[in-house]
Amino acid sequence: MREESFVRDKLLPVGTVVALLIVVWYIAVVFLNAPFERDTAARAGTEISFSQIVHNTMAQERPVLPAPHQVIAEIWDTTVNKPITSKRSLVYHAWITLSATLLGFGIGGVLGILLAIGIVHNRAMDRSLMPWVIASQTIPILAVAPMIIVVLNAIGISGLLPKALISTYLSFFPVVVGMVKGLRSPEAIQLDLMHTYNASQAQTFWKLRWPSSMPYLFTSLKVAVAISLVGAIVGELPTGAVAGLGARLLAGSYYGQTVQIWSALFMAAALAAVLVMIVGFAHTAVLKRMGAKP
């Protein structure tokens, strides 16, 4: 019964949407790559049929839009056929980006939790700091990243930390907002009950506010870890990095290698999905440990 429900409620809808996207993708490949084939045939003084156009658009070396099978072939070639220590391996580039992502995610998560605790327990921080936290996210990361990189390089800090700080800049915000909401989620009657027990502020925090905030924390962490990866990729762009998914995207844009660009994008998407799944598993384990119903 459970297997039938999984197929009907999850596998079939997702599979249908993916199949439709692939069909639309192939149609777009033909229409976007066809002008090049027509121009090539016109310069050669020959006529080209629609079937030939379809065939050729699926195998262009530098297409406007690569076909799905081209992207899959590139991913397979750069993950399975290349050693992971090779600079042409997507696994190697993914690890470079992942290291900055995890460091930035860790710093951003801790910073966000600490700021949320201060905001909840200090009215001055609530009124003064929270608006600045929100305003910080109105500045485009593409404008902030080069400044952070240049300033840190000027004082002799380069490598992993500048990229991690850009990830921190993005990832701390959802944690702050989520944890402020979570720490304030206990109802007044629950806080009054703790007061009747003569509980201290620390006891109220650890026995009521912190457990109540767990669902909010892990939901925020799922968002934070995904945008932390985006921050790490963006941080690789202004540095002219030679390694990392951002560097892979940059090199592909320089040389018009759209297949390389799309394969790096899919690798980044897969990496983000795995990170979110890991946070989700941790969420389930923590709630189960706390006695929540599955």
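Here the structure is a predicted model, which is why all the values come from computation and not from measurement.
Taking every heavy atom of both residues into account, A264 and L249 meet most closely at CB-CD2, 3.7 Å. Counting all heavy atoms, side chain and backbone alike, T138 lies closest to A135 at OG1-O, 2.6 Å. Heavy-atom minimum distance, G231 versus I166: O-CG2, 3.4 Å. Nearest heavy-atom pair, A232 versus S167, reported as atom, atom and distance to 0.1 Å: N-OG, 3.1 Å. Considering all non-hydrogen atoms of both residues, A199 and T204 come closest at CB-OG1, 3.8 Å. Smallest separation of non-hydrogen atoms from A67 and M58: CB-SD, 4.0 Å.
In terms of the side-chain contact (heavy atoms from CB on, under 4.5 Å) criterion, residue partners of S200 (sequence neighbours excluded) are, by chain and number, A202, Q203. Not counting sequence neighbours, I72 has no partner by the side-chain contact (heavy atoms from CB on, under 4.5 Å) test. For A164, the side-chain contact (heavy atoms from CB on, under 4.5 Å) partners two or more places apart in sequence, or in a different chain, are L103. E74 is linked by a salt bridge (charged side-chain N to carboxylate O under 4.0 Å, His left out) to R248, counting only residues two or more places apart in sequence or in another chain. In this structure H55 satisfies the ring-ring contact (aromatic ring centres under 6.0 Å, His included) test with no other residue, sequence neighbours excluded. N33 meets the side chain to side chain donor-acceptor pair (under 3.5 Å) test with no other residue; sequence neighbours excluded. In this structure, the salt bridge (charged side-chain N to carboxylate O under 4.0 Å, His left out) partners of K82, at least two apart in sequence or on a different chain, are D77.
The stretch residues 259-284 participates, sequence neighbours left out, in no side-chain hydrogen bond (donor to acceptor under 3.5 Å, both in side chains) pair at all. The list of side-chain hydrogen bond (donor to acceptor under 3.5 Å, both in side chains) pairs with a residue in residues 92-104, not counting sequence neighbours, reads T97-E236. Residue pairs meeting the salt bridge (Lys or Arg N to Asp or Glu O under 4.0 Å) criterion with at least one member in residues 183-199, sequence neighbours excluded: D126-R184. For the side-chain hydrogen bond (donor to acceptor under 3.5 Å, both in side chains) condition, the pairs that include at least one residue of residues 14-30, sequence neighbours left out, are Y26-H69.
With a 4.5 Å cut-off on side-chain heavy atoms, I261 and S253 count as touching. Between F172 and S136 the shortest side-chain heavy-atom distance falls below 4.5 Å. By the 4.5 Å heavy-atom criterion applied to side chains, F173 and I227 are not counted as neighbours. Looking at P63 and V29, their side chains never come closer than 4.5 Å, going by heavy atoms from C-beta outward. Using a 4.5 Å cut-off on side-chain heavy atoms (C-beta onward), F218 and V286 make contact. Using a 4.5 Å cut-off on side-chain heavy atoms (C-beta onward), L183 and F205 make contact.
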Quick one: do I233 and K163 satisfy side-chain contact (heavy atoms from CB on, under 4.5 Å)? Show the steps, please. CA-CA 8 Å; I233 293 174; K163 294 189 295 182; over 6 Å; no
Go through V64 and F36 one step at a time and tell me if the side-chain contact (heavy atoms from CB on, under 4.5 Å) criterion holds. CA-CA 9 Å; V64 175; F36 175 79; over 6 Å; no
Chi angles and distances behind the side-chain contact (heavy atoms from CB on, under 4.5 Å) call for R88, T78: CA-CA 6 Å; R88 297 186 63 186; T78 53; 5.7 Å; no
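Distance alone, capped at 3.5 Å, places no donor-acceptor pair between the T79 side chain and the L90 backbone. Side chain of S220 to backbone of Y216: a donor-acceptor contact under 3.5 angstrom is found. A side-chain donor-acceptor contact under 3.5 Å links S185 to the backbone of G182. Not a single donor-acceptor pair under 3.5 Å links the side chain of T168 to the backbone N or O of I107. Between the side chain of R62 and the main chain of Q257, no donor-acceptor pair closer than 3.5 Å is present.
The line from CG of L221 to OG of S228 is 11.0 Å long, rounded to the nearest 0.5 Å. Considering CG of N122 and CZ of R127, their distance stands at 11.0 Å, rounded to 0.5 Å. One finds the OG1 atom of T196 at 8.5 Å from the CE atom of M194 (value rounded to the nearest 0.5 Å). Expressed to the nearest 0.5 Å, how far CE of M179 lies from CH2 of W210 amounts to 4.5 Å. Separating the CD1 atom in I278 from the NZ atom in K222 is a distance of 12.5 Å, to the nearest 0.5 Å. From Q190, atom CD reaches atom NZ of K207 across 15.0 Å, with rounding to the nearest 0.5 Å.
V279 and L102 fall within a single hydrophobic cluster, where Ile, Leu, Val, Met, Phe, Trp and Tyr are joined by side-chain heavy atoms under 4.5 Å apart, directly or via other members. Clustering ILVMFWY residues whenever any of their side-chain heavy atoms sit less than 4.5 angstrom apart, transitively, puts I113 in a cluster other than the one holding L208. One hydrophobic cluster holds both V14 and I22 under the rule that ILVMFWY side chains link at heavy-atom gaps under 4.5 Å. Follow the hydrophobic side-chain contacts under 4.5 Å out from L265 and you never reach W76; the two are in separate clusters. Clustering ILVMFWY residues whenever any of their side-chain heavy atoms sit less than 4.5 angstrom apart, transitively, puts I155 in the very cluster that holds L165.
For the pairing with L98, the side-chain contact (heavy atoms from CB on, under 4.5 Å) check across L245, L275, L229 returns one residue only, L275. The side-chain contact (heavy atoms from CB on, under 4.5 Å) test with L65 is passed by exactly one of T57, V30, T258, L32: L32.
Using a 4.5 Å cut-off between side-chain heavy atoms of Ile, Leu, Val, Met, Phe, Trp and Tyr, V91 falls into a hydrophobic cluster with I84.
For I189, the CD1 atom is loosely surrounded, since the number of other residues' heavy atoms within 6.0 Å does not exceed 12.
A side-chain N or O of Q60 and one of E37 form a donor-acceptor pair less than 3.5 Å apart.
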